[in-house]
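Everything numeric here is computed off the predicted structure, so don't read it as measured data. Lettering of chains follows the sequences in order, A, B, ..., and the numbering in each one begins at 1.
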Number of protein chains: 2
Amino acid sequence: MVRNMVLTTSEIDKLLDNAKLRHTKQRAQLAKMLFKAENRHFTAEQLHKEARTAGHTISLATIYNTLHQFRSAGLLRQVIVEPGKVYFDTNTEPHHHFYIEDDGELLDVERNEVKISTLPEIPKNCNIREMDVIIRLRKK
Amino acid sequence: MVRNMVLTTSEIDKLLDNAKLRHTKQRAQLAKMLFKAENRHFTAEQLHKEARTAGHTISLATIYNTLHQFRSAGLLRQVIVEPGKVYFDTNTEPHHHFYIEDDGELLDVERNEVKISTLPEIPKNCNIREMDVIIRLRKK
DNA sequence: AAGGTTTTTAGAACCATTCTAAAAAAGAAA
DNA sequence: TTTCTTTTTTAGAATGGTTCTAAAAACCTT
């Protein structure tokens, strides 16, 4: 999908169709907020606040439900960098992260910016599902 | 510190001295449980259960207090791999992890088993504090 | 429009962790 | 040792992000 600006209504229809989700006002609103040109990182609470500020009426429970549905559909991924809170990431390509600990900010690191030349032997009976590199930063 | 077996009382004294912590029964018990030959990964709840099973009387609050004190003293580090729970790791050397998602098990990966040949440019005004590689596994 | 299904919602529940404030233990001084 | 002060431990309450519940609203089909 091309994402160089805000999605049109028909693009959102397509997105929800692909995700096999019914079209509802809340899902369309969230999709419109999330899937723009720029990838973003956010928590459920942040998104909730943002939606209310934008004048949408949506409950926190629906935010959580929808984020998980989007995630199952492969439209979002979770990033775990801090105890007690989950970040969501609209970038679902394999990639890595800077995490600025001072202010809890996540930044994407493209996959090819980290070259891993040696990998450990994988325990038998296991497959790699995903590999996360988190570079934790402190401000000078 | 040499850790090829259970620590002696005087080694524990030294450990607490170095950490600038007073010697108390609970801290000594936990130190004895934790700092053995093998490094280990555990949560506060797991350690609490283990201590009670070993016949020690120690509250969960003290487990948390002590783990944080040990961490500040550089004797433990935290590992964040799952939402809503924190693992502690007795291995404080720079290293990485396998995380077996099926059963929530963490395994150490030595630093030299992952060779990173290219790093992204660090955002200006920032320093690297730490770099975590988490290889998420699924059982076949 | 009616009927059956899915979605949304407010608020309760959950659970790992932190906080509180009072009791217990430790250390210092006499 | 006894007393005094400080630190530590503790049970239980509080917290905060997330999930659950069950009832109302929205949705879809006929």
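- Counting all heavy atoms, side chain and backbone alike, V81(B) lies closest to I80(A) at C-CG2, 4.0 Å.
- The bend of the helix from dA1(C)-dT30(D) to dA30(C)-dT1(D), defined by the angle between the axes of its first five and last five pairs, stands at 20° to the nearest 10°.
- Pairs engaging residues 50-62 of chain B under the salt bridge (charged side-chain N to carboxylate O under 4.0 Å, His left out) rule: R40(B)-E50(B) [sequence neighbours left out].
- An OP1 or OP2 oxygen of dT9(D) is reached within less than 4.0 angstrom by no side-chain nitrogen or oxygen of S59(B).
- Nearer the 5' end of DNA chain D, as judged by each residue's closest nucleotide, is the contact made by Q26(B), out of Q26(B) and N65(A).
- Counted within 6.0 Å of CD on E130(A), heavy atoms from surrounding residues, nucleotides or ligands total more than 12; the atom is thus considered enclosed.
- H41(A) and D108(A) are linked by a side-chain donor-acceptor pair at a separation below 3.5 angstrom, with hydrogens and angles left out of the test.
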(message) How would you summarise protein contacts on nucleotides 25-30 of chain D per nucleotide, using B for base, S for sugar-phosphate only and - for none, with heavy-atom distances below 4.0 Å?
(response) ---S--
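- Listed by chain and residue number, nothing satisfies the side-chain hydrogen bond (donor to acceptor under 3.5 Å, both in side chains) test with N112(B) (two or more places apart in sequence, or in another chain).
- Annotation for R129(B): atom CZ counts as buried by contact number, over 12 foreign heavy atoms lying within 6.0 Å.
- In this structure, K49(A) has no side-chain hydrogen bond (donor to acceptor under 3.5 Å, both in side chains) partners at least two apart in sequence or on a different chain.
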Can you give me the N/O atom pairs linking the protein to nucleotides 11-18 of chain C at distances under 3.5 Å, or say none if there are none?
from    : atom 1 : to     : atom 2 : distance (Å)
dT17(C) : OP1    : V86(B) : N      : 2.9
dT17(C) : OP2    : Y64(B) : OH     : 2.4
dT17(C) : O5'    : Y64(B) : OH     : 3.0

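- In terms of heavy atoms, H68(B) sits closest to Q78(B) at NE2-NE2, 4.3 Å.
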